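As structure tokens, the structure follows; a few thoughts come after it.
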Amino acid sequence: MHRCAFMLASLAFLSGVGCDSRSAGVNHAAANEPAVARATLQPAAPPAASTGGFDGGRAYEHVRTLIEIGPRPPGSDGIHRAQAYIIAQLKSFGCQVEEHNFHGSTPLGDIAMKNIIAKIPGSSRGIVLYTTHYDTLRMANFVGADDGGSGTGTMLELARVFCSRQSSLNVWIVFFDGEEAQENWTDKSSVQWKDTNSTFGSREMAASMALSGDLKRVDAMILADMIGSLDLKIKRDTGSTPWLVDLVWATAARLGYQKIFLDEPYSVGGDDHFSFIRRAIPGCDIIDFDIATTYWHTPEDTLDKVDPRSLAVVGHVFVETLPALEKKFR
């Protein structure tokens, strides 16, 4: 993803890196690897009864499964296994699942990609999208625990919660393919983000919904991207839709999460929410980019970087944003 704002705060990092032109049934075969072993020592997530039914421990186990699959760039064996896992989990929750296959025209040639959507019917016309990307950066040994994994695990658990409930708004939980910039990158500093080599899944879905007429039914699009860090700090993206940011932050404050959802501005240079904002759909990016100078876009983005408590907090906020949106669009 295209991220320039953080570099203004760190000249050392700027000179060294530069700005990107951007639960049950889990296999624990990799449990004896150091990163996985360290992750088992992490404190447990708060009980689901205290987080609106959202189980941070379950979300974390989904992340673990994805990490055990390994790297998951578009078109790879790893992403095909991840797709099978996501679809199987959604169906086990009783969700209505749709698979949208398409081809992304990338610097590496045409790559087959797949968006996965869980649709929970509501009693009204409006749609709210809860979204994430599930692909990983195309780099050797990059497993994307936080960048790709944390959002996917959170959305899978959110689907378990929402697919068993009746809401007035139609809820679509979306897993985007092809968010990361497509190229065979050698290291963090080599990654070049462009509008044309990234966000393939969100651009495809926004265009398809515009053609079908469904786009004008969308009341809000909420994106989760890198939300698992141990010291989670989420700032207000200045490119997101102000009223939607206010609604999410007010929900977080009401739940007591002011020290995680900070009242500080931050400019996200590029992400999947812009595919919808450019088409006049309200969008909000929930992201902690303080990790940019640490393990982001490196092979160190491993399971030990993800905290089930952070997943629980974000999941709780997402659960409670739905009734707030239903009230707004009543």
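All of these numbers come straight from a predicted model, not from anything done at the bench.
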All pairs passing salt bridge (Lys or Arg N to Asp or Glu O under 4.0 Å) where residues 203-214 contributes a residue, at least two apart: Asp214-Arg217
In this structure, CH2 of Trp296 is separated from CZ of Phe289 (nearest 0.5 Å) by 3.5 Å
Those residues at least two apart in sequence (or on a different chain) that pass salt bridge (Lys or Arg N to Asp or Glu O under 4.0 Å) with Asp290 are Lys235
Got a sec, which pairs hit ring pair (Phe, Tyr, Trp, His ring centres under 6.0 Å) with one end in residues 89-119, sequence neighbours left out? none
Tyr134 ring center near Phe176 ring center (under 6.0 Å): no
Go through the steps for Leu322 and Val128 under the test side-chain contact (heavy atoms from CB on, under 4.5 Å), then give the verdict. CA-CA 8 Å; Leu322 182 56; Val128 59; 3.8 Å; yes
Taking the side chain from Ser167 and the backbone from Leu169, do they hold a donor-acceptor pair closer than 3.5 Å? no
Is the backbone N or O of Gly70 less than 3.5 Å from a side-chain atom of Arg72, with the two atoms forming a donor-acceptor pair by type? yes
Side chain to side chain donor-acceptor pair (under 3.5 Å) filter on Ser150, not counting sequence neighbours, yields Asp146
Inter-residue atom distance Asp231.CG - Ser310.OG, 0.5 Å rounding: 8.0 Å
Listed partners of Phe261 passing ring pair (Phe, Tyr, Trp, His ring centres under 6.0 Å), at least two apart: Trp249
Does the side chain of Asp304 pick up a donor-acceptor pair with the side chain of Thr302 at under 3.5 Å? yes
Trace of the side-chain contact (heavy atoms from CB on, under 4.5 Å) decision for Gln258 with Asp263: CA-CA 8 Å; Gln258 297 96 323; Asp263 191 19; over 6 Å; no
Do you see a donor-acceptor pair shorter than 3.5 Å between the side chains of Ser229 and Tyr295? no
Would you be so kind as to tabulate the donor-acceptor pairs closer than 3.5 Å made by side chains of residues 273-284, with sequence neighbours excluded?
{"from": "His273", "atom 1": "NE2", "to": "Asp237", "atom 2": "OD2", "distance (Å)": "2.9"}
{"from": "Ser275", "atom 1": "OG", "to": "Ser202", "atom 2": "OG", "distance (Å)": "2.8"}

Would a distance-only check, ignoring hydrogens and angles, find a side-chain to backbone donor-acceptor pair under 3.5 Å from Asp288 to Lys233? yes
Roughly how far, to the nearest 0.5 Å, is the CD1 atom of Ile222 from the CD1 atom of Ile173? 11.0 Å
Would Thr131 and Asp225 count as a side-chain contact (heavy atoms from CB on, under 4.5 Å) here? Give the steps. CA-CA 9 Å; Thr131 70; Asp225 191 1; over 6 Å; no
Look at Arg58 together with Glu61 and state whether they make a salt bridge at an N to O cut-off of under 4.0 Å. no
Could you please spell out the steps behind the side-chain contact (heavy atoms from CB on, under 4.5 Å) verdict for Val174 and Ile116? CA-CA 6 Å; Val174 185; Ile116 303 168; over 6 Å; no
Heavy-atom closest contact (Ala45 atom, Gly57 atom, distance): CB-N, 3.6 Å
Nearest 0.5 angstrom please: Leu158 CG to Asp55 CG, how far? 12.5 Å
Side chain to side chain donor-acceptor pair (under 3.5 Å) contacts touching residues 110-120 (sequence neighbours left out): Glu98-Lys119, Glu99-Lys114, Asn101-Lys114
Does one side chain, of Thr199 or Glu179, offer a donor that lies under 3.5 Å from an acceptor on the other? no
Can you list the residues that meet the side-chain contact (heavy atoms from CB on, under 4.5 Å) rule with Asp77, with sequence neighbours excluded? Arg81
Short question: side chain of Asn170, backbone of Gly122 - any donor-acceptor pair under 3.5 Å? yes
Here the gap from Tyr130 atom OH to Trp172 atom CH2, rounded to the nearest 0.5 Å, amounts to 15.0 Å
Any donor and acceptor pair, going by atom type alone, linking the side chain of Lys216 with main-chain N or O of Met209 inside 3.5 Å? no
Any sub-3.5 Å donor-acceptor pair from Arg160's side-chain atoms to Ala59's backbone N or O? no
If the condition is ring pair (Phe, Tyr, Trp, His ring centres under 6.0 Å), which residues does Phe175 pass it with, not counting sequence neighbours? none
Counting N and O atoms only, with roles assigned by atom type, does the side chain of Ser76 sit under 3.5 Å from a partner on the main chain of Ile79, one being a donor and the other an acceptor? yes
Could you tell me the separation between the CG atom of Asp271 and the CD1 atom of Ile286, rounded to the nearest 0.5 Å? 11.0 Å
Just by distance, with hydrogens left out, do Asp187 and His297 show a side-chain donor and acceptor under 3.5 Å apart? no
Exam field: side chain Ser240 to backbone Asp285, donor-acceptor pair closer than 3.5 Å: yes
So, for Pro74 and Arg138, which heavy atoms are closest and what is the spacing to 0.1 Å? O-NH2, 2.8 Å
If you take all heavy atoms of Pro121 and Gln96, which pair is closest and at what distance? CG-OE1, 4.3 Å
Tell me whether Tyr257 contacts the main-chain N or O of Val313 through its side chain, where contact means a donor paired with an acceptor under 3.5 Å. no
Residue list, side-chain contact (heavy atoms from CB on, under 4.5 Å) with Pro107, at least two apart or on another chain: Gln182, Glu183, Asn197
I need the full list of ring pair (Phe, Tyr, Trp, His ring centres under 6.0 Å) pairs touching residues 200-222, with sequence neighbours left out, sorted by first then second residue. none
Sequence neighbours excluded, the answer for salt bridge (Lys or Arg N to Asp or Glu O under 4.0 Å) partners of Lys328 is none
Ignoring hydrogens and geometry, is there a side-chain-to-backbone donor-acceptor pair from Glu180 to Thr136 under 3.5 Å? no
